[in-house]
Protein chains: 2
Amino acid sequence: MPPSTGLRARLRAELTVEIKDEARRQLAAEGAPGLSLRAVTRELGMSSSAIYRYFPSRDDLLTALIVDAYDAVGAAAEEADATCRRDDYGGRWCATGRAIRRWSLDNPHEYALVYGSPVPGYRAPEDTVGPASRVTLVLARLVVDAAQAGVLTRPVSDGALPPLGADGLAALRTLVALALPDVTEDVAVRAVAAWTQLFGIISFELFGHFHRVIDEVDPVFERTLLEMGRLVGFPPPRTDATRGRPQDGVEPGRTTDTDDVADRHGLPTDDEDEVWYLV
Amino acid sequence: MPPSTGLRARLRAELTVEIKDEARRQLAAEGAPGLSLRAVTRELGMSSSAIYRYFPSRDDLLTALIVDAYDAVGAAAEEADATCRRDDYGGRWCATGRAIRRWSLDNPHEYALVYGSPVPGYRAPEDTVGPASRVTLVLARLVVDAAQAGVLTRPVSDGALPPLGADGLAALRTLVALALPDVTEDVAVRAVAAWTQLFGIISFELFGHFHRVIDEVDPVFERTLLEMGRLVGFPPPRTDATRGRPQDGVEPGRTTDTDDVADRHGLPTDDEDEVWYLV
DNA sequence: TCAATAACAGAGCAGTGCTCTTGCAAATGG
DNA sequence: CCATTTGCAAGAGCACTGCTCTGTTATTGA
């Protein structure tokens with residue numbers, strides 16, 4: 001028996017992605033409020049009511065686009081992180097942040113759909129929590145790797161801030177248990193700060209809050225990357241690529257991404273700007 | 001001559017605010033996409049076409065609401081800052097951040113309207129840049145005050161990060177010239193980091209990105225306030241109110257807001273946690 | 001008092017999300 | 001192989017939206 005119900009299912013799957021592609025085109029062209037189901041069907045040459053066999057409502061289509069957007073930015077973050085040496089924690093942080101920003105600037109409406117105001121009513125659709133965690137996990141894994149390697153430096157001196165209270169510990173416990181094993185709550189809260197700062201500055205840039213305040217965001221973004229990376233405690237990035245133009249591709253150098261443990265000791269670094277933040 | 005064109009103008013102004021109030025009610029109830037001009041007119045008992053004499057389009061009504069929201073959050077920030085002693089820079093930073101978050105949690109849809117995805121097409125309406133700068137100026141003035149008082153501490157040790165490049169200096173020059181006189185570009189970029197982190201964490205909380213990650217945001221927010229305040233270089237807050245419940249009003253203690261220079265020396269602080277971040 | 005003008009109500013247009021009914025083609029079971 | 005069930009598509013239609021146009025009424029300034 002050939003693939004049972006295969007023809008119908010195949011056609012259905014193809015039309016589903018065709019609808020999503022056309023919807024994504026309209027989303028990129030006019031933003032989420034400009035997405036019209038009727039316009040999608042019109043462009044695809046089918047009846048306006050036919051689309052409801054594939055997406056039962058407009059919100060469901062939007063949710064599908066949200067899931068895809070989460071997946072895309074997560075893939076961008078993963079790829080950027082993968083192109084760095086595993087022990088170059090500062091470089092991984094900067095490269096990941098740069099990749100997320102680049103994806104956001106390239107897909108502003110998808111970014112707004114995902115990290116802007118939640119469009120579908122009020123409900124946080126449970127289907128999006130999975131793909132949403134993809135990009136988060138890249139950053140979390142980075143923190144965990146650095147913590148387990150023991151390279152995370154305390155920001156100023158021990159005891160500069162009072163220890164976290166019981167409520168702070170409790171609030172961070174789920175986060176630590178979920179994605180940050182072997183990480184101090186102290187480090188976790190700084191990671192949250194860096195995480196939210198990253199998306200905060202991207203949102204401000206994309207949503208126009210730097211209008212007439214900062215005209216060229218690139219160097220400021222690079223600098224905040226360094227500042228927040230240092231705040232978390234990452235060692236400084238290995239290469240001096242952070243000074244270069246970050247908009248040309250993901251990261252110019254370091255195509256080594258297969259060998260993992262071999263890089264742990266690493267060849268002698270070419271430059272001596274290891275002392276960017278010493279502590 | 002009685003107030004010339006007074007009756008008509010008065011009625012017009014009254015109806016304008018009535019429309020805005022009803023629109024704000026609908027905005028708070030169902031969010032920006034749920035705001036309907038026809039529903040507003042229906043609720044106000046007038047014809048659907050009459051509203052266009054007051055707001056020529058839906059986007060104009062939204063822009064008016066955006067301006068009001070900027071004004072409201074700016075007023076909240078100003079008031080919180082004003083209730084602190086002028087030389088308690090850490091306290092002013094924390095109080096302002098807390099007030100902004102509180103306003104945001106109390107008016108989530110207005111926050112989303114202002115700091116979420118920009119709804120009207122693509123244009124950044126020029127009318128909003130003025131009210132938008134109100135809350136920004138509170139934070140900027142705080143940085144300037146602390147810088148001029150000479151209390152801003154460098155984060156780790158001098159020269160830990162390489163000096164800003166020429167492009168970084170150029171990018172920050174407009175910001176410094178506009179709102180941060182007598183502030184180093186080095187401090188300015190950290191202020192931008194704190195600024196964007198503040199709104200980043202608020203957006204994440206409001207837009208559901210902490211779902212199943214952080215259940216109780218309060219202590220984490222308090223902690224990031226301290227961390228980012230320290231990153232900028234503010235001295236630690238004077239009172240121990242940061243450990244209390246920040247959701248009960250703006251700030252419980254310190255009702256002194258009139259005397260300015262008299263507080264400069266200050267009464268002996270009651271507690272000894274002045275050494276929160278020493279550097 | 002009278003013309004000018006601002007405000008208003010209502011009809012109407014094009015568009016939207018969504019539902020219902022009808023008809024057709026494909027897969028399935030005996 | 002045929003009858004039946006199922007999946008899919010098209011069209012009409014409903015309630016709603018932003019917005020415009022027309023005609024009418026009320027207010028204003030001289």
Side-chain angles (χ1 to χ4, degrees), chain A residues 1-20 22-23 25-27 29-66 113 119-123 125, chain B residues 1-20 22-23 25-27 29-66 113 119-123 125:
Chain A
M1 201 176 288
S4 142
T5 75
L7 203 153
R8 274 243 250 257
R10 265 246 317 266
L11 285 183
R12 181 179 180 82
E14 282 179 15
L15 234 180
T16 302
V17 307
E18 237 173 299
I19 290 173
K20 278 205 293 185
E22 176 60 32
R25 278 195 46 245
Q26 295 196 11
L27 174 71
E30 309 199 47
L35 197 160
S36 155
L37 295 188
R38 291 182 112 113
V40 169
T41 61
R42 219 177 296 133
E43 210 69 24
L44 262 57
M46 57 172 149
S47 170
S48 69
S49 61
I51 199 177
Y52 291 94
R53 299 218 163 251
Y54 298 86
F55 295 94
S57 83
R58 198 190 107 111
D59 280 5
D60 288 271
L61 215 190
L62 274 179
T63 301
L65 293 184
I66 288 174
L113 189 65
V119 245
Y122 239 148
R123 64 182 177 85
Chain B
M1 203 177 286
S4 141
T5 76
L7 204 153
R8 272 243 252 255
R10 265 247 314 268
L11 285 182
R12 180 178 181 82
E14 282 179 15
L15 234 181
T16 302
V17 309
E18 239 174 296
I19 289 174
K20 278 205 293 185
E22 176 59 32
R25 276 196 47 244
Q26 294 196 12
L27 174 72
E30 309 198 48
L35 197 161
S36 156
L37 296 187
R38 290 181 113 113
V40 169
T41 60
R42 219 176 297 134
E43 212 67 24
L44 261 57
M46 56 170 148
S47 169
S48 69
S49 59
I51 200 176
Y52 291 94
R53 301 222 161 247
Y54 297 85
F55 296 95
S57 82
R58 199 190 106 112
D59 280 5
D60 289 272
L61 215 191
L62 275 178
T63 302
L65 294 183
I66 288 174
L113 189 64
V119 246
Y122 240 148
R123 63 182 178 86

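Everything numeric in this text was worked out from a predicted model, so none of it was measured. Only heavy atoms go into these numbers, but all of them, side chains included; no hydrogens, no water, no symmetry mates. Letters A, B, ... are given to chains in the order of the sequence lines, protein chains preceding strands, and every chain is numbered from 1.
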- Task: Could you walk me through whether B:Leu15 and B:Leu11 pass side-chain contact (heavy atoms from CB on, under 4.5 Å), step by step?
- Result: CA-CA 6 Å; B:Leu15 234 181; B:Leu11 285 182; over 6 Å; no

- May I have the distance from B:Leu61 (atom CG) to D:dG18 (atom P), rounded to whole angstrom? 10 Å

- Message: If you compare every side-chain N and O of A:Tyr54 against the phosphate oxygens of D:dC8 (OP1, OP2), does one of them come in below 4.0 Å?
- Response: no

- To the nearest 10°, let me know how far the axis at one end of the helix from C:dT1-D:dA30 to C:dG30-D:dC1 is tilted from the axis at the other, five pairs an end. 10°

- Atom CD1 of B:Ile51 and atom C1' of C:dA9 are separated, to the nearest Å, by 15 Å

- Message: In whole Å, I'd like the distance from the CD atom of A:Glu14 to the P atom of D:dA9.
- Response: 12 Å

- Item | 4.5 Å side-chain heavy-atom contact, A:Glu30 and A:Gln26 | no

- Hits for side-chain hydrogen bond (donor to acceptor under 3.5 Å, both in side chains) against B:Ser47, two or more places apart or cross-chain, chain-then-number order -> B:Ser49

- For B:Arg12 and D:dA26, give me the distance from atom CZ to atom C1', rounded to whole Å. 15 Å

- A:Leu65 vs A:Leu35 side-chain heavy atoms within contact, under 4.5 Å: yes

- Whole-Å gap separating P (D:dA9) and CZ (A:Phe55): 13 Å

- Query: With no hydrogens and no angle check, is any side-chain donor or acceptor of A:Arg53 less than 3.5 Å from a backbone partner on A:Arg12?
  - Reply: no

- Query: What's the CZ-C1' distance between B:Arg10 and D:dT27, to the nearest Å?
  - Reply: 15 Å

- Item | Residues forming a side-chain hydrogen bond (donor to acceptor under 3.5 Å, both in side chains) with B:Ser48, sequence neighbours excluded | none

- Note on the structure: Protein-proximity profile, nucleotides 10-17 of chain D, B/S/- by nucleotide at the 4.0 Å heavy-atom cutoff, equals BB-B---B

- Give the intermediate values and the outcome of side chain to side chain donor-acceptor pair (under 3.5 Å) for residues B:Asp60 and B:Thr63. CA-CA 5 Å; B:Asp60 289 272; B:Thr63 302; 5.5 Å; no

Sequence neighbours excluded and cut-off under 3.5 Å, please list the side-chain donor-acceptor pairs for residues 36-43 of chain A, or say none.
from	atom 1	to	atom 2	distance (Å)
A:Ser36	OG	A:Arg38	N	3.3
A:Ser36	OG	A:Ala39	N	3.0
A:Thr41	OG1	A:Leu37	O	3.4
A:Thr41	OG1	A:Arg38	O	2.7

- Item | Between C1' of D:dA9 and CD1 of A:Ile19, the distance in whole Å | 12 Å

- Item | Sub-4.5 Å side-chain heavy-atom contact between A:Lys20 and A:Phe55 | yes

- Please work out if A:Leu15 contacts a base, only the sugar-phosphate, or nothing of the nucleic acid, heavy-atom cut-off 4.0 Å. sugar-phosphate

